[in-house]
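Encoded as structure tokens, the structure appears first; notes follow it.
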Amino acid sequence: VAVNSATADIAIFLMLGALRRIHSPYTSVRSNNWRGSPFQLGHDPQNKILGILGMGGIGREVAARGRAFGMTIYYHNRSQLSPEIEKSLNAKYVSFEELLKNADVLSLNCSLRKETVGIIGKKEFALMKKGVVLVNTARGKLVDEQALVDALADGKVFSAGLDVYEEEPKINEGLLNNPNVVLLPHIGTATVETQVCSPLLSPLGVQLAIPCSITNNETEKHGVTGLGEYRECSQEGKAHHAGIGAGEQVEAVRVPYTR
């Protein structure tokens with residue numbers, strides 16, 4: 001799925017930026033102040049443990065990219081992946097607590113549910129290594145932002161890379177004012193290619209309308225629980241993804257199509 005790759009790319013961009021504490025030298029050179037002062041050394045990703053919370057499509061793409069940088073992959077998920085998938089990603093399944101204790105970089109890639117709101121807070125930061133890097137491209141409400149601000153201030157968290165926020169577009173002042181945080185305005189899927197390949201994200205992807213009748217009962221049968229979830233809608237044997245709200249009547253699905 002196109003959104004997986006684009007979001008994983010941003011996660012790695014934020015990870016590298018956070019490891020190098022890139023904000024200060026980047027803004028300094030743009031201000032004609034060369035590296036700025038005081039200049040700080042960053043860290044390499046090689047031989048670090050990349051901990052991934054949520055090993056769905058995006059998490060797996062992050063894992064594949066992390067391996068390319070010589071990282072060891074640990075993950076925690078609601079259910080353990082099959083041995084075949086684990087082997088292909090060279091990923092080790094660990095408990096949530098083990099993930100927090102061992103990760104040098106923690107990438108959040110899980111969905112937002114009642115159980116995951118605030119899943120990373122003061123108690124969780126206390127379990128982490130001193131100098132951990134936090135990356136969040138999933139949902140802002142997974143993190144207690146004030147707890148993150150405090151963890152950055154006391155050095156528990158070396159740096160953070162964020163594309164999503166607890167109350168976006170509002171961002172905690174403690175994050176805005178901290179040069180050790182790399183901030184992006186929720187642009188994980190903001191590429192031409194992703195928008196074209198995901199027609200429900202943008203008009204750029206509207207190329208062909210295919211009639212598709214899905215009744216209220218059918219949406220419930222397929223387990224659709226809310227907007228933004230993806231389910232298959234078949235037309236002439238072709239499977240397409242549609243974002244369907246629970247109980248909605250869908251008259252047409254617009255998808256890219258090549259004969």
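This chain uses plain numbering: 1 for the first residue, then up along the sequence.
Classified by interplanar angle (parallel below 30°, tilted 30° to 60°, perpendicular above 60°), the ring pair Phe158/His43 is perpendicular.
Between atom CD of residue Glu124 and atom NZ of residue Lys101 there is a gap of 12.5 Å, rounded to the nearest 0.5 Å. Atom CD1 of Ile12 sits about 9.0 Å away from atom OG1 of Thr137, to the nearest 0.5 Å. Note that CG of Leu81 and OH of Tyr93 are 9.0 Å apart. Values are rounded to the nearest 0.5 Å. Here the CZ atom belonging to Arg139 is positioned 12.5 Å from the CZ atom belonging to Arg113, to the nearest 0.5 angstrom. Ile171 CD1 to Leu176 CG: the interatomic distance, rounded to the nearest 0.5 Å, is 5.0 Å. Note: Ile120 CD1 to Lys141 NZ = 16.0 Å, rounded to the nearest 0.5 Å.
Between the side chain of Lys48 and the backbone N or O of Val105 there is no donor-acceptor pair closer than 3.5 Å. The backbone N or O of Ile85 sits less than 3.5 Å from a side-chain atom of Ser88, completing a donor-acceptor pair. Side chain of Asp163 to main chain of Ile187: a donor-acceptor pair is present (N/O by atom type, distance under 3.5 Å, no hydrogens or angles).
Taken together through direct or relayed side-chain contacts under 4.5 Å among Ile, Leu, Val, Met, Phe, Trp and Tyr, Ile58 and Val135 form part of one hydrophobic cluster. When hydrophobic clusters are built by joining Ile, Leu, Val, Met, Phe, Trp and Tyr residues whose side-chain heavy atoms come closer than 4.5 Å, directly or via intermediates, Val62 is not grouped with Leu134.
Of all the heavy atoms in Leu19 and Ser159, the pair that sits closest is N-OG, 4.0 Å. Heavy-atom minimum distance, Ala126 versus Lys156: O-NZ, 3.5 Å. Between Met55 and Ala63 the shortest heavy-atom distance is CE-CB, 3.8 Å.
Using modelled atom types, one finds a donor on one side chain and an acceptor on the other under 3.5 Å when comparing Gln80 with Glu86.
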